[in-house]
Amino acid sequence: VQLQASGGGVVHPGGSLRLSCATSGFNVAVYAIGWFRQVPGKEREGVGCISRDSDITYYSDSAKGRFTISRDSAKNTVYLQMIGVEPEDTAVYYCGLDMFKWKLCPGTKPEFVDYWGQGTQVTVSS
């Protein structure tokens, strides 16, 4: 089982960015995948998730209306589309897989994740 997040970078406030979580070793269509972020000195927090066996998505209050999670099962990839980014969105972003607990989505607690991808840095700065 592997997950690999990518697509981070530096973006201006108000700009857009799409993160990708490429997966292998399992059927991405049948498991819940979450996106999380973390800044130094703070706990990892859930941004949103996409449910197992469906494309129902849930978002944190800070992400609602600005972020969209989607899944391309043919490419074994889950995306996080970010628009209208703000400096407060600066963080390392991670994708996580709930393979055994079946608690992720709608819940987005990090403890619901069994496997993590490595993070990708997003910096929102003018």
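Throughout, residue positions are numbered sequentially from 1 according to the sequence presented.
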[X] and [Y]: same hydrophobic cluster, using ILVMFWY side-chain contacts below 4.5 Å?
X	Y	answer
Val30	Leu97	yes
Phe26	Leu104	no
Val78	Val122	yes
Tyr79	Val28	no

Is the backbone of [Y] close enough, under 3.5 Å, to the side chain of [X] for a donor and an acceptor to pair up by distance?
X	Y	result
Tyr93	Val47	no
His12	Val124	no
Gln118	Ala5	yes
Thr120	Gly8	yes
Arg44	Gln38	no
Arg71	Ser54	yes
Thr77	Lys75	yes

For [X] against [Y], the heavy-atom pair lying closest together:
X	Y	value
Gly25	Val1	O-CG2, 4.2 Å
Gln81	Ser16	NE2-CB, 4.1 Å
Lys101	Val113	NZ-O, 3.6 Å
Asp98	Asp114	OD1-OD2, 3.4 Å
Asp61	Lys64	OD1-NZ, 3.3 Å
Tyr94	Gly117	CD2-O, 3.5 Å

Margin query: So, taking the atom named CG in Asp55 and the one named OG in Ser70, what distance separates them when rounded to the nearest 0.5 Å?
Written below: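 Rounded to the nearest 0.5 Å, the CG-OG separation comes to 8.5 Å.
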Margin query: Working note: Thr68 + Tyr59, criterion side chain to side chain contact (heavy atoms under 4.5 Å, CB included); need CA distance, chi angles, decisive distance, verdict.
Written below: CA-CA 8 Å; Thr68 303; Tyr59 302 95; 3.9 Å; yes
Note to self: Can a side-chain donor-acceptor contact be found between Ser60 and Ser62 if the only test is distance below 3.5 angstrom?
What the structure shows: yes
Check: Any luck finding a side-chain donor-acceptor pair between Tyr31 and Arg52 under 3.5 Å?
Finding: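 Not at all, the side chains of Tyr31 and Arg52 share no donor-acceptor pair under 3.5 Å.
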Minimum side-chain heavy-atom gap [X]-[Y] below 4.5 Å:
X	Y	answer
Arg37	Thr90	no
Glu45	Val39	no
Arg66	Glu86	yes
Phe67	Ile83	no

Notebook entry, point to check: For Phe36 and Trp116, what are the C-alpha separation, side-chain angles and deciding distance, and is it a ring-ring contact (aromatic ring centres under 6.0 Å, His included)?
Noted result: CA-CA 10 Å; Phe36 300 78; Trp116 291 102; 4.9 Å; yes
Checklist line | disulfide bond (SG atoms under 2.5 Å apart) pairs, two or more places apart, involving residues 72-126 | finding: Cys21-Cys95, Cys49-Cys105
Next item on the list: Go through the steps for Ile33 and Leu3 under the test side chain to side chain contact (heavy atoms under 4.5 Å, CB included), then give the verdict.
Entry: CA-CA 10 Å; Ile33 302 287; Leu3 300 93; 4.3 Å; yes
Next item on the list: State whether the number of non-hydrogen atoms from other residues, nucleotides or ligands found under 6.0 Å of Glu111 atom CD is greater than 12.
Entry: yes
Margin query: Looking at Gln2, I'd like to know if its CD atom is crowded, meaning that more than 12 non-hydrogen atoms belonging to other residues, nucleotides or ligands lie closer than 6.0 Å.
Written below: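 Incorrect, the count does not exceed 12.
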Next item on the list: With side chain to side chain contact (heavy atoms under 4.5 Å, CB included) as the test, would you mind laying out the steps for Leu19 and Met82 before giving the verdict?
Entry: CA-CA 8 Å; Leu19 306 184; Met82 307 164 65; 4.0 Å; yes
